[in-house]
Amino acid sequence: MALLLGVDTGGTYTDAVLIRDESEVIASAKSLTTRQDLAIGVGGAVRAVLEHTGVEPAEISMAALSTTLATNALVEGQGGRVALIYIGFSAQDLERHGLRDALKGDPALILVGGHTHAGSEAAPLDKEALIAFLETESAGVSGFAVAGVFATRNPAHELEVARIIQERTDVPVTCSHQLSAKLNGPKRALTAVLNARLIGMIDRLINRAAETLVTLGIEAPMMVVRGDGALMSAEQARARPIETILSGPAASIVGARWMTGAENALVSDIGGTTTDVALIERGLPKIDPDGAQVGGFRTMVEAVAMRTTGLGGDSQVHLNGDGLRGGVTLGPRRVLPVSLIATEAPELVHAALDAQLNAPVVGEYDGRFVRGVIGQAAVGLSEREAALLARIGTAVLPLGDVLRTRMEQGALSRLVDRGLVQVAGITPSDASHVLGRVAAWDRDAADKALTVFARRRVGSGDAVAKNAEALAQMIVDQLTEQTALTLLESVFSEEQATFGGPAEDLARHVLLQRGLTAHSSLLVIDARVNVDVIGLGASAPSYYPAVGKRLRCNMILPEHAGVANAIGAVVGRIIQRRSGTVTAPSEGRFRVHLSDGPKDFTARAEALDMLESVLRAEAVAAAEDAGAGDIHVHVTRDLRMAEVEAQQVFVEATLTVEASGRPRVAHG
């Protein structure tokens with residue numbers, strides 16, 4: 001008998017599940033995610049599972065971790081300070097694929113060097129400029145990203161820059177060619193920047209999770225879920241944390257398939273920060289051929305085709321004061337629910353809310369609180385940001401007592417982006433407490449906070465809602481509406497037929513919206529989502545029945561929907577892929593582009609066989625390092641030919657080798 005432990009660390013909850021022989025869930029548990037020390041939440045969930053089952057820690061054969069932290073960080077704009085070394089590109093290339101936006105003001109050096117399409121050196125590497133840059137800009141940098149022009153054809157300059165950086169700093173370095181074998185330098189650079197930004201966060205998560213398991217007596221190997229739903233070793237995840245974006249959502253799809261056996265379905269997973277929607281086709285998660293897109297950034301990471309929206313149970317509620325009717329909108333930023341933060345500082349939170357309720361007018365920051373996050377590195381801050389962080393400290397404070405000028409709002413936003421500060425405000429979770437759907441935290445605090453917010457004025461001069469209950473229903477209805485729109489956008493994105501417009505516009509089109517209400521007059525319009533929807537997440541049973549009714553579809557809510565991510569973490573397979581290219585720089589010459597530089601052959605078959613041999617060895621070794629057993633290898637060859645004077649001429653070939661297997665586990 002093999003006992004498998006799955007753990008998922010989300011923005012709000014950390015889940016743990018214990019599965020016997022990959023076929024039966026025998027226990028699950030939840031604990032609040034503790035961002036100041038992730039080990040507390042991981043330990044709480046795992047300990048609860050062990051206590052519930054009476055299983056001895058030594059009996060566990062394998063542990064696997066999925067996480068939404070990388071996804072949430074990119075959606076919310078968080079992560080460490082990075083520096084980009086951009087080899088052989090121009091300043092204009094920084095504007096492509098959102099690269100400058102991803103840098104968020106962090107330093108970048110455009111360095112002379114790089115290679116040609118054929119892999120030969122385009123210009124000598126300017127090492128002196130690199131060393132000068134490191135002397136002035138390396139302070140406070142948590143990760144370096146290195147991207148060279150045509151580095152996938154010859155990575156020599158990227159590797160040399162990485163060597164120099166590692167000689168002069170102790171900061172991790174991400175080389176773009178190690179993340180993708182594809183061309184498109186700016187997109188590879190973007191992926192490397194995001195990887196470098198996430199390294200510290202994911203490293204802390206893996207270290208603390210591993211330490212916690214050992215403390216509990218669990219010495220089984222730990223795996224981590226990738227964005228395509230496959231498993232990799234903890235060491236591989238430390239080196240390439242970008243591959244864990246969409247890890248949690250990907251695990252949830254694997255878990256949804258395992259729980260329901262669905263062959264074709266939409267999977268919608270609502271968490272605290274995001275709603276993630278993906279498609280199961282013929283029993284497999286659909287993979288995005290263009291790379292994962294999260295937080296507005298299109299990366300080169302192979303991942304499930306996922307539409308991630310900043311909409312969850314802990315989404316910030318905003319007043320929509322435009323027009324006479326007004327209303328509310330949700331997200332994309334996550335805040336701590338007032339009902340949750342009130343459990344940590346009940347006297348302060350209730351005293352502040354009582355004072356705000358008794359005030360004659362609603363203050364700009366009423367119903368909102370702030371606290372610093374313990375244990376985070378506060379480097380690279382401006383004078384205003386450092387002063388504001390010191391004023392906040394680590395205790396819970398009313399936001400209005402902290403912000404003294406409007407200019408400090410920007411400083412607060414940047415501190416939140418860096419993960420140094422958390423803000424609390426009303427959320428759908430608070431609304432659910434007021435409506436009696438949830439009873440996990442402090443309902444009275446939620447009621448007071450919603451009462452304060454309900455007094456805010458819309459364009460007509462009226463209050464946004466007559467009381468807390470009316471506002472709570474308005475918030476839940478808005479969550480239903482925004483979730484329905486997210487699902488409709490996903491449906492239009494996946495439809496084979498084209499409808500002549502962006503998915504976002506089609507989802508909101510008046511004809512579709514009337515069709516969803518079965519309009520029948522002179523014109524009959526009837527529309528529904530014609531595929532099952534699997535609703536996942538702890539709050540799915542609370543919110544998703546209304547979504548199913550709104551879309552007139554079959555909504556499936558599995559028994560263990562709240563821990564689908566943790567289930568998917570342990571029932572997946574280890575998959576390692578390696579890709580490479582053969583080009584024809586001149587007639588009769590076939591060039592294999594390898595990690596140690598190009599190598600030429602006079603026969604095409606010899607070049608292809610040599611590349612396949614190298615990639616096969618690398619993929620199998622990586623799968624073995626990740627802990628896979630009974631490894632199967634699949635090879636695909638994509639040959640590009642051109643017709644020249646009625647003859648087929650070889651242009652280029654891309655080979656991909658996939659090595660896969662289930663993790664090796666000991667059976668008790």
Side-chain angles (χ1 to χ4, degrees), residues 1-10 12-34 37-68 205-225 231 233-234 247-248 251-252 254-261 271 343 438-441 536-541 557-574 627 629 662-668:
M1 179 183 72
L3 290 174
L4 311 177
L5 174 68
V7 178
D8 176 72
T9 303
T12 303
Y13 280 109
T14 294
D15 302 335
V17 64
L18 201 58
I19 293 179
R20 179 188 291 118
D21 292 332
E22 303 177 26
S23 62
E24 178 190 5
V25 175
I26 60 175
S28 64
K30 286 181 174 290
S31 180
L32 283 171
T33 294
T34 45
D37 185 357
L38 296 165
I40 299 172
V42 171
V46 174
R47 195 175 290 109
V49 164
L50 295 176
E51 291 174 354
H52 180 73
T53 59
V55 167
E56 291 296 325
E59 295 180 61
I60 293 175
S61 307
M62 186 190 79
L65 174 71
S66 70
T67 178
T68 59
L205 168 63
I206 292 173
N207 286 341
R208 295 300 286 138
E211 291 168 4
T212 301
L213 295 182
V214 170
T215 300
L216 292 173
I218 300 171
E219 297 186 356
M222 189 173 79
M223 313 297 297
V224 180
V225 181
L231 299 174
S233 70
S247 162
S252 74
V254 175
R257 160 69 176 167
W258 186 84
M259 288 186 289
T260 66
T343 64
V438 179
W441 305 322
L536 302 179
S539 60
L557 299 171
E559 178 185 357
H560 299 290
V563 291
N565 296 18
I567 291 172
V570 287
V571 299
R573 294 175 63 83
I574 293 171
R662 277 291 296 159
R664 294 186 296 267
V665 296
H667 291 72

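Being a predicted model, the structure only gives us computed values, none of them experimental. Note: hydrogens, waters and symmetry copies are ignored here, and every other heavy atom, side chains too, is used. Starting from 1, each residue takes its place in the sequence as its number.
- Using modelled atom types, one finds no donor on one side chain facing an acceptor on the other under 3.5 Å when comparing S247 with S66.
- Nearest heavy atoms, L213 versus A63: CD1-CB, 3.8 Å.
- Rounding to the nearest 0.5 Å gives a distance of 8.0 Å between CE of M259 and NE2 of H560.
- T33 places no side-chain N or O within donor-acceptor distance of the main-chain N or O of T9, the cut-off being under 3.5 Å.
- Counting all heavy atoms, side chain and backbone alike, L5 lies closest to V570 at O-CG1, 3.1 Å.
- The number of heavy-atom neighbours closer than 6.0 Å to CD of E219, taken from other residues, nucleotides and ligands shown, is 12 or below.
- When side chains are defined from C-beta on, V42 does not count as touching R208, because their heavy atoms never get closer than 4.5 Å.
- In this structure, G43 and T212 approach most closely via the heavy-atom pair CA-CG2, 3.4 Å.
- In this structure, CD1 in I567 is found 12.0 Å from CG in L4, a value given to the nearest 0.5 Å.
- Taking each heavy atom of A64 and A569 in turn, the nearest pair found is CB-O, 3.0 Å.
- Side chains of I60 and L18 form a contact here, defined as non-hydrogen atoms less than 4.5 Å apart.
- Nearest heavy-atom pair, K30 versus G562, reported as atom, atom and distance to 0.1 Å: NZ-O, 2.9 Å.
- Counting heavy atoms from C-beta on, the side chains of R20 and L3 come closer than 4.5 Å.
- Smallest separation of non-hydrogen atoms from L50 and P57: CD1-CG, 4.1 Å.
- One finds the CH2 atom of W258 at 4.5 Å from the CD1 atom of I19 (value rounded to the nearest 0.5 Å).
- Between I206 and M222 the shortest side-chain heavy-atom distance falls below 4.5 Å.
- Annotation: side chain of L536 is in contact with side chain of P558 (closest heavy-atom distance under 4.5 Å).
- When atom types are taken as modelled, the side chain of S252 and the backbone of A564 share no donor-acceptor pair closer than 3.5 angstrom.
- One distance of note links CD of E56 with CD1 of I218; it measures 11.0 Å at 0.5 Å rounding.
- Within a 6.0 Å radius of CD in E24, other residues, nucleotides and ligands contribute more than 12 heavy atoms.
- Remark: L231 CG to R662 CZ distance equals 6.5 Å, nearest 0.5 Å.
- For the atom pair OG1 (T14) and CG (N565), the distance works out to 11.0 Å, reported to the nearest 0.5 Å.
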